[in-house]
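Below: the structure, in structure tokens.
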Amino acid sequence: MSDTPFRPFDTYLDQDQAQKLVQEATLGADDGELFIERRKSEMLSFDDGRVRNASFDASEGFGLRAVHGEMTGYAHGTEISESAIRRAMGTVRLAVGDGGGAMAPAPMATNRKLYTDENPMDGASFPAKIDVLKDIDAYARGLDKRVVQVSASLAASHQDVVILRAEGPAMTDTRPMVRMNVSVIVDQDGRRESGSAGGGGRHGLTFMLAADHWKPLVQEALRVAVVNLSAVPAPAGVMDVALGPGWPGILLHEAVGHGLEGDFNRKGSSAFAGLMGQRVAAKGVTVLDDGTIPDRRGSITIDDEGTPSAKNTLIEDGILVGYMQDRQNARLMGVPPTGNGRRQSYGHAPMPRMTNTYMLGGDVAPGDIVADVKDGIYAVGFGGGQVDITNGKFVFSCTEAYRVENGKVGAPVKGATLIGDGATALKQIRAIGNDMALDPGMGNCGKQGQWVPVGVGQPSLLIGGLTVGGAQAAG
């Protein structure tokens, strides 16, 4: 696979003929497109003083789709050619049947660009990248003699997308992505604890390799690990929970965001189905999904159906006002698409997915939020979680949390999990901080076997009456 710009209609296909194939594939359908993709990616990891993994992947292919009513015909292949597309049409046409559909209006065109066309993998040589990972390892060990293990990784990808519909013209997007992660393990008197930090986005690689970027990541990972050295078993019971800004928005993303995707609501399987225009959260709670923020991990100039991304309000002052839509669900629900039709690759059909989902800030100072907690915890870091979309029930593990009693932050706690459901938690928000922040750029979202990059964010929050799972009863 060459490093030349991706122009499939110059190298693989005649554009006029390709458009005729799309017209034939979607004749009598309600929607459909030809999605062509080239993706290159690399990942380097350094663990305990040596290179653990160095990989480079390259792929290209197409996906052909025809949509008729609720039926979708989809076929894909790695050979981008007229003959391969014709073979795919046999599968795609099964969804169209006898036809009779009315083609949905084409997406609006856009000349907006939210990120660079630069290939981030070209930002430095392979030896230079390895040297940075070595420097990270040495720096972490030099900061604290208790550090016994350091892991650092650097990932970059470059995705080219071409979307051709029956009515044309072709729409294109070139999407860079970079991410750096650092984790450390510290040992004190036989007790070992870990901490991690990371971030990235849709931009070049050069600034991430600079010491003034990665040194704060190392310092943050070490800080969390050292904090956890003194952590005591978390309390258990129903109590107030203060959440920090930024990355804790992952709870909002999982517990609420998926429930606001159009397909779950059209099928009635979401806890928010049928509640449009009703109060679903406390006053002051406004939640947006915004794919238009420059350089952010979850941003997209156009979605994977060709619809320009948008800044969509989902909940406004506690009232449900919108869902995230791809083209199919939007048409079936009688609303406009919102630029949320996303797919993992050419091998997957698009579906409604989040981009950057966050809650707007309020007017309460963060210190006042914690001071209002009489008996609870203050959670500022999260790890994995599980959510049931049908009822919004969630379980999230905390990677950094503190005991709070009578408004004073006490000892860090370990083993804390937050248990509840999204719809109830939204209504139990008692205070919204003025410190809204987005995460540092490290989120991935899974749905029906597909993974896409996303962003999250929120201000500090006070939620009353969440169940905290821990090692000992509170009180």
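The structure presented is a predicted model; accordingly, all values stated were derived computationally and were not measured.
- For the side chain to side chain contact (heavy atoms under 4.5 Å, CB included) test with Phe394, the passing option among Thr417, Ile419, Val256, Leu466 is Leu466; the others fail.
- Applying the salt bridge (Lys or Arg N to Asp or Glu O under 4.0 Å) test to pairs two or more places apart or on separate chains, those with a residue in residues 337-365 are Glu33-Arg343.
- A donor-acceptor pair is defined here as one N or O able to donate and one able to accept, closer than 3.5 Å; such a pair exists between the side chain of Gln344 and the backbone of Trp451.
- With a 6.0 Å cutoff to the six-membered ring centre and a 45° limit on the axis angle, Lys447 counts as a cation-pi contact of Phe264.
- Without hydrogens or angle criteria, Ser230 side chain to Val227 main chain gives a donor-acceptor distance under 3.5 Å.
- Taking the six-membered ring where the residue is Trp, the centroids of His348 and His76 are separated by 6.0 Å or more.
- To the nearest 0.5 angstrom, Leu114 atom CG is 4.0 Å from Thr301 atom OG1.
- Scanning both residues, Asp47 and Ser151, for their nearest heavy atoms gives OD1-OG, 2.7 Å.
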When you look at Tyr12 and Glu60, which way does the side chain to side chain donor-acceptor pair (under 3.5 Å) test go after all the steps?
CA-CA 12 Å; Tyr12 298 125; Glu60 61 183 27; 2.4 Å; yes
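- Looking at Arg202 and Asp295, no side-chain N of the basic residue comes within less than 4.0 Å of a carboxylate O on the acidic one, giving no salt bridge.
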Worked check of side chain to side chain contact (heavy atoms under 4.5 Å, CB included) between Phe35 and Phe62
CA-CA 5 Å; Phe35 179 89; Phe62 74 90; over 6 Å; no
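- What you find for Asp435 and Ser460 is that their closest heavy atoms are OD2-OG, 2.7 Å.
- Rounded to the nearest 0.5 Å, atoms OG1 (Thr313) and CG (Asp289) are 10.0 Å apart.
- Side-chain atoms of Asn265 come within 3.5 Å of backbone atoms of Ala273 as a donor-acceptor pair (strictly under, hydrogens ignored).
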List the steps, then state whether side chain to side chain donor-acceptor pair (under 3.5 Å) holds for Asn53 with Ser45.
CA-CA 5 Å; Asn53 183 58; Ser45 62; 4.6 Å; no
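- The side-chain heavy atoms of Tyr323 and Glu261, taken from C-beta on, include no pair separated by under 4.5 Å.
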Tell me, with the steps shown, if Leu34 and Ile163 meet side chain to side chain contact (heavy atoms under 4.5 Å, CB included).
CA-CA 6 Å; Leu34 176 66; Ile163 301 169; over 6 Å; no
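- Checking each of Leu462, Leu418, Ile369 against Leu243 for a side chain to side chain contact (heavy atoms under 4.5 Å, CB included) leaves exactly one that passes, namely Leu418.
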Verdict with supporting geometry, Arg192 and Asp187, salt bridge (charged side-chain N to carboxylate O under 4.0 Å, His left out):
CA-CA 4 Å; Arg192 292 196 170 194; Asp187 183 296; 3.0 Å; yes
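- Residues Phe396 and Ile250 share a closest heavy-atom pair of CZ-O, 3.9 Å.
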Could you walk me through whether Val162 and Met171 pass the side chain to side chain contact (heavy atoms under 4.5 Å, CB included) check?
CA-CA 6 Å; Val162 178; Met171 295 162 280; over 6 Å; no
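- With Arg297 as the fixed residue, the side chain to side chain contact (heavy atoms under 4.5 Å, CB included) test singles out one of Val454, Val456, Asn444: Asn444.
- A donor-acceptor pair is defined here as one N or O able to donate and one able to accept, closer than 3.5 Å; such a pair exists between the side chain of Asp317 and the backbone of Gly284.
- A salt bridge between Lys215 and Asp135 is absent, with no side-chain N of the basic residue lying under 4.0 Å from a carboxylate O of the acidic one.
- Not one N or O on the side chain of Glu42 forms a donor-acceptor pair closer than 3.5 Å with the backbone of Phe56.
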Run Asp439 and Arg296 through salt bridge (charged side-chain N to carboxylate O under 4.0 Å, His left out) and show every step you take.
CA-CA 10 Å; Asp439 77 286; Arg296 295 297 303 179; 3.5 Å; yes
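- Across Ala401 and Cys398, no two heavy atoms sit closer than the pair CB-CB, 4.0 Å.
- With sequence neighbours excluded, no residue forms a ring-ring contact (aromatic ring centres under 6.0 Å, His included) with His158.
- One distance of note links CH2 of Trp214 with CD1 of Ile136; it measures 6.0 Å at 0.5 Å rounding.
- Side chain of Glu118 to backbone of Pro176: no donor-acceptor contact under 3.5 angstrom is found.
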Test salt bridge (charged side-chain N to carboxylate O under 4.0 Å, His left out) on Asp240 and Arg430 and set out the steps.
CA-CA 10 Å; Asp240 293 344; Arg430 298 206 321 238; 3.2 Å; yes
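- Separation of atoms CD (Gln458) and CG (Leu360) is listed at 12.0 Å; rounding is to 0.5 Å.
- Checking side-chain atoms of Thr307 against main-chain N and O of Gly339 turns up no donor-acceptor pair under 3.5 Å.
- Looking at every heavy atom in both residues, Gly291 comes nearest to Thr355 through N-OG1, 3.2 Å.
- Side chain of Ser299 to main chain of Ile293: a donor-acceptor pair is present (N/O by atom type, distance under 3.5 Å, no hydrogens or angles).
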CA sep, side-chain torsions, deciding dist, call: Lys393, Asp388, salt bridge (charged side-chain N to carboxylate O under 4.0 Å, His left out):
CA-CA 5 Å; Lys393 291 184 178 180; Asp388 185 337; over 6 Å; no
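- Without hydrogens or angle criteria, Asn312 side chain to Thr338 main chain gives a donor-acceptor distance under 3.5 Å.
- Taking all atoms of both residues into account, the shortest heavy-atom contact from Pro245 to Ala437 is CB-CB, 4.3 Å.
- Comment: Arg191 does not engage Asp189 in a salt bridge, judged by the lack of any side-chain N to carboxylate O separation of less than 4.0 angstrom.
- Ion pairing of Arg141 with Asp137 is present here, as a side-chain N (NZ or NE/NH1/NH2) and a carboxylate O approach within less than 4.0 Å.
- Electrostatic pairing of Lys113 and Asp117 counts as a salt bridge here, judged by a charged N lying under 4.0 Å from a carboxylate O.
- Using a cutoff of 4.0 Å between basic side-chain nitrogens and carboxylate oxygens, Lys40 and Asp57 are not scored as salt-bridged.
- Glu37 contributes atom CD, which lies 5.5 Å from atom OG of Ser345 (distance to the nearest 0.5 angstrom).
- Remark: side-chain polar atoms of Glu316 are not paired, donor with acceptor, to backbone N or O of Thr286 under 3.5 angstrom.
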Run the side chain to side chain contact (heavy atoms under 4.5 Å, CB included) check on Glu405 and Lys374 step by step: do they pass?
CA-CA 5 Å; Glu405 295 178 288; Lys374 303 305 179 187; over 6 Å; no
